[in-house]
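Only one structure is covered here, and it is reproduced in the block below.
Each chain gets a letter, A, B and so on, in the order its sequence line appears, and its residues count up from 1.
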2 protein chains.
Amino acid sequence: MATYLEDYAEGETYEFGRYAFTEQNIIAFAREFDPQAFHVDPQAAAAGPFGGLVASGFHTLSAMMRLLVDHFISPEASLGSPGMGEIRWLAPVRPGDVLGARLTVTERRLSRSRPDRGALVQFIEMVNQDGTVVMTAVGTGFYRRRPRED
Amino acid sequence: MATYLEDYAEGETYEFGRYAFTEQNIIAFAREFDPQAFHVDPQAAAAGPFGGLVASGFHTLSAMMRLLVDHFISPEASLGSPGMGEIRWLAPVRPGDVLGARLTVTERRLSRSRPDRGALVQFIEMVNQDGTVVMTAVGTGFYRRRPRED
């Protein structure tokens, strides 16, 4: 059965997904989008501010989105997102780290102008294999409401 | 000459860079990180909420970071970022769009606890070839201060 706005519960927390960071995918992402030495050059990174290679924060953010698409966002109902806020990179993400997502629906609201849709506000934590929260963010998603059967 | 915290002026606006979105790179990014139909499937996207293929917001965000690394962030002084906020995806980004960055330093402050560094707060706009602002965000970056010559 398709999932619509009504199927997500305000206050509910969902945990899902696994994204594995490797030296290879950290460097590949960073070469394309964030080619700073501590993201692309293990030798230089060892002497740098993080004492070793770390993933770009934008890689962690993109990995979060992948987990949401695979496990949380309904393909039937998704209408995109107007924005995202309060991104905090709290701890380095290093080769070998495996992150999962913990998502809490902090608000579910209906659109005032368009009765076929609404929005979810979500507090998202990315958590590594040791239980350390490495990133948090607040995202908003637009979703279709369940079609009425008239 | 290396660039340090002192070389960025509060209140100054910088414009730089060009990132070209193509159907190919939009789909490649989205297959890896945001495989929703309107980002990966031109046919399905035509019937979807954006009336055609659009770039993932995380692709636009990552492209912004690439422009910052290439044109704004000092490799000698960069110490990473604690976070980012107020990301607003204001207009769709489509194949053929070319985005540039416009960045205003809204605040430059010194660290209270570590006299060798400080932070810049930046308001960043991504602007397309028609002058439309497609995304805005607020980012913070940590930078080394110019080393003292004693």
(message) Is a donor from one side chain sitting under 3.5 angstrom from an acceptor on the other, for A/Ser78 and B/Gln36?
(response) yes

(request) Heavy-atom distances under 4.5 Å only: say whether A/Met135 touches chain B with side chain, backbone, both or neither. (result) neither

(message) Heavy-atom pairs under 4.5 Å with chain A - which of B/Pro49, B/Pro82, B/Gly57 has more of them than the others?
(response) B/Pro82

(request) Report yes or no: do B/Asp41 and B/Gln43 form a side-chain donor-acceptor pair below 3.5 Å? (result) no

(message) Is A/Ile73 close to chain B through its backbone or its side chain, or both, or neither, when contacts mean heavy atoms under 4.5 Å?
(response) side chain

(message) Under 4.5 Å from any heavy atom of chain B, what part of A/Pro75 do you find: side chain, backbone, both or neither?
(response) neither

(message) Please identify, among B/Thr136, B/Leu61, B/Leu79, B/Thr140, the residue contributing the most non-hydrogen atom pairs under 4.5 Å to chain A.
(response) B/Leu61

(message) Please classify the contact between B/Ser81 and chain A as side chain, backbone, both or neither, with a heavy-atom cut-off of under 4.5 Å.
(response) both

(message) Exactly one of B/Arg108, B/Arg144, B/Arg145 should register a salt bridge (charged side-chain N to carboxylate O under 4.0 Å, His left out) with B/Glu6. Which one does?
(response) B/Arg145

(request) Report the option among B/Arg66, B/Met64, B/Arg88 that has the most heavy-atom pairs separated by less than 4.5 Å from atoms of chain A. (result) B/Arg66

(request) Could you tell me whether a side-chain N or O of B/Ser111 sits under 3.5 Å from a main-chain N or O of B/Ser113, the two making a donor and an acceptor? (result) yes

(message) Just so I know, are the side chains of A/His39 and A/Val54 near enough to count as touching, which here means a heavy-atom distance under 4.5 Å?
(response) yes

(message) I'd like to know if the side chain of B/Glu76 pairs up with that of B/Ser74 as donor and acceptor (distance under 3.5 Å, no hydrogens or angles considered).
(response) yes

(message) I need the residue from B/Ala63, B/Pro35, B/Ala137 with the largest number of non-hydrogen atom pairs under 4.5 Å to chain A.
(response) B/Pro35

(request) Can you tell which part of A/Arg117 gets under 4.5 Å to a heavy atom of chain B, answering side chain, backbone, both or neither? (result) neither

(message) Any side-chain to backbone donor/acceptor pair from A/Arg102 onto A/Val127? Under 3.5 Å, distance only.
(response) no

(request) Using non-hydrogen atoms and a 4.5 Å limit, figure out which bit of A/Phe142 sits close to chain B: side chain, backbone, both or neither. (result) neither

